[in-house]
Amino acid sequence: MPVPPTSGRLQWTDVPTPLRARLEDALGSSVTDTVTPAGGFGHQLAAALTLESGRRVFVKAAPDDDPLTAANVHEADVLDALPPGAPVPNLLGIHRGADWTAVVIAHLDGPHPDFSPQSGDAEQTWALLDKLTSSPAPASYAAAVSTMPSTAASLHGWDELLADPSADLAPAARDRLPQLTELEAAWPALAHGDRIVHGDLRADNMVRDHHLGVTFVDWAHATTGPACVDAASLAPQLILAGHAPADVARLLRDHPATARNSDTTTAFLAALTGHWHRNARKPAPPGAPGLRAYQHRAAAAGLALLGYRLN
Ligand SMILES: Nc1ncnc2c1ncn2[C@@H]1O[C@H](COP(=O)(O)OP(=O)(O)OP(=O)(O)O)[C@@H](O)[C@H]1O
Ligand SMILES: [Mg+2]
């Protein structure tokens with residue numbers, strides 16, 4: 001799948017000198033090179049640092065008055081609380097200085113997974129999701145996410161489009177607006193659960209590490225919820241990567257995380273797709289140039305999947 005373009009991210013040299021010095025001190029070596037990976041929509045520093053010692057680490061950093069700092073600290077708590085064997089990089093530390101906060105994470109070496117039909121990465125990711133959601137989240141994880149409101153639970157969009165249908169709405173959506181609105185309205189009551197939910201699972205929030213295989217990163221939106229959320233979020237991504245919607249619809253029907261929660265899966269897909277359809281039509285936010293085009297494509301993919309579930 002083509003990964004959305006890297007936005008105007010903060011660079012290592014934007015980090016205040018006292019925090020850079022503190023980080024280099026804690027890592028025991030000075031930074032000799034930085035690489036900002038492609039992917040994602042954020043504006044904070046998210047970079048692989050190469051140290052003089054040859055070691056590499058991954059750092060996310062932002063000013064403390066930027067909401068991304070709270071998200072990064074939440075992500076650090078989550079990384080620390082995920083169960084052993086979860087497909088995640090280790091947290092290495094949190095450092096503060098000059099009213100900025102940096103979270104240091106073990107560096108993963110490799111590209112984003114390739115979700116095209118020719119690759120085995122999608123299959124590997126489905127297997128990881130089965131393992132991650134087959135039993136309740138451990139207490140440490142549930143505690144780490146307990147203060148974080150679920151962003152998935154508040155997804156919606158069809159309600160606004162029903163009230164004010166956009167002229168360019170696809171006929172498949174226009175014809176079903178009342179049904180889609182009803183389905184997404186059912187979602188918030190179904191959004192609770194005791195499973196690990198990454199909450200933002202796309203290829204650009206994964207790295208296919210040369211040693212670890214597909215690994216999930218960017219746990220800033222992690223919560224607990226029903227087992228189906230991440231699998232159902234991944235499904236439209238596979239269509240964007242070239243899979244036939246009918247094949248993905250079959251996968252969703254049969255995957256353990258979604259097969260056991262069929263109505264919840266449909267309600268969530270409706271809410272997620274409504275969110276994309278609504279947001280794709282809003283003005284582009286500053287610093288995220290690829291976002292609206294991506295939402296248009298994701299909206300169409302989600303609608304294609306819903307077509308199979310509603311027939
Ligand atoms: N531990 C890691 N090692 C190597 N690369 C990583 C690591 N974690 C993330 N990345 C890469 O850095 C990119 C940005 O990281 P991440 O998604 O965590 O940042 P973000 O600012 O929260 O993202 P977003 O833009 O999605 O909000 C990812 O798309 C991935 O390519
Ligand atoms: Mg990301």
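Whatever order the structure lists them in is the order used to number ligands and atoms, beginning at 1.
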Got an N/O contact under 3.5 Å between [X] and ligand 1?
| X | result |
| --- | --- |
| Leu108 | yes |
| Gln44 | yes |
| Val217 | no |
| Asn205 | yes |

Answer yes or no: is there a donor N or O on one side and an acceptor on the other, between the side chain of [X] and the main chain of [Y], under 3.5 Å?
| X | Y | answer |
| --- | --- | --- |
| Arg278 | His156 | yes |
| Ser119 | Phe115 | no |
| Thr133 | Arg195 | no |
| Arg309 | Ala249 | no |

Enumerate the atoms of ligand 1 whose separation from the nearest heavy atom of [X] is less than 4.0 angstrom.
| X | answer |
| --- | --- |
| Arg202 | 26 (O) |
| Pro37 | 11 (C), 12 (O), 31 (O) |
| Asp204 | 28 (C), 29 (O), 30 (C) |
| Ile105 | 1 (N) |

So which of Asp114, Asp109, Asp121 actually passes salt bridge (charged side-chain N to carboxylate O under 4.0 Å, His left out) with Arg208?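 When Asp114, Asp109, Asp121 are each tested with Arg208, the salt bridge (charged side-chain N to carboxylate O under 4.0 Å, His left out) holds only for Asp121.
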Side-chain cluster (under 4.5 Å, hydrophobic types only) that Leu212 belongs to, other residues: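 Members other than Leu212 - counting any ILVMFWY side chain reachable under 4.5 Å - are Leu108, Val207, Val217.
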Does ligand 1 have any atom that is closer than 4.0 Å to a heavy atom of Ala106?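 Yes, Ala106 has a heavy atom closer than 4.0 Å to ligand 1.
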Under 4.0 angstrom from ligand 1, any heavy atom of Arg9?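 The answer is yes: ligand 1 sits under 4.0 Å from a heavy atom of Arg9.
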At a threshold of 2.8 Å, where the distance has to be below it, does the Mg ion (ligand 2) have an N, O or S atom of Asp218 nearby?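 True for Asp218.
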Might you point out which heavy atoms bring Trp158 and Ala270 nearest each other, and give the distance in Å?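 In terms of heavy atoms, the two residues are closest at NE1-O, 2.8 Å.
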Check: residues 280-287 side-chain donor-acceptor pairs under 3.5 Å, at least two apart:
unit_1 : atom_1 : unit_2 : atom_2 : d
Arg281 : NE     : Ser166 : OG     : 3.1
Arg281 : NE     : Asp168 : OD1    : 2.9
Arg281 : NH1    : His277 : O      : 2.8
Arg281 : NH2    : Asp168 : O      : 3.4
Arg281 : NH2    : Asp168 : OD1    : 3.3
Lys282 : NZ     : Asn279 : OD1    : 3.3

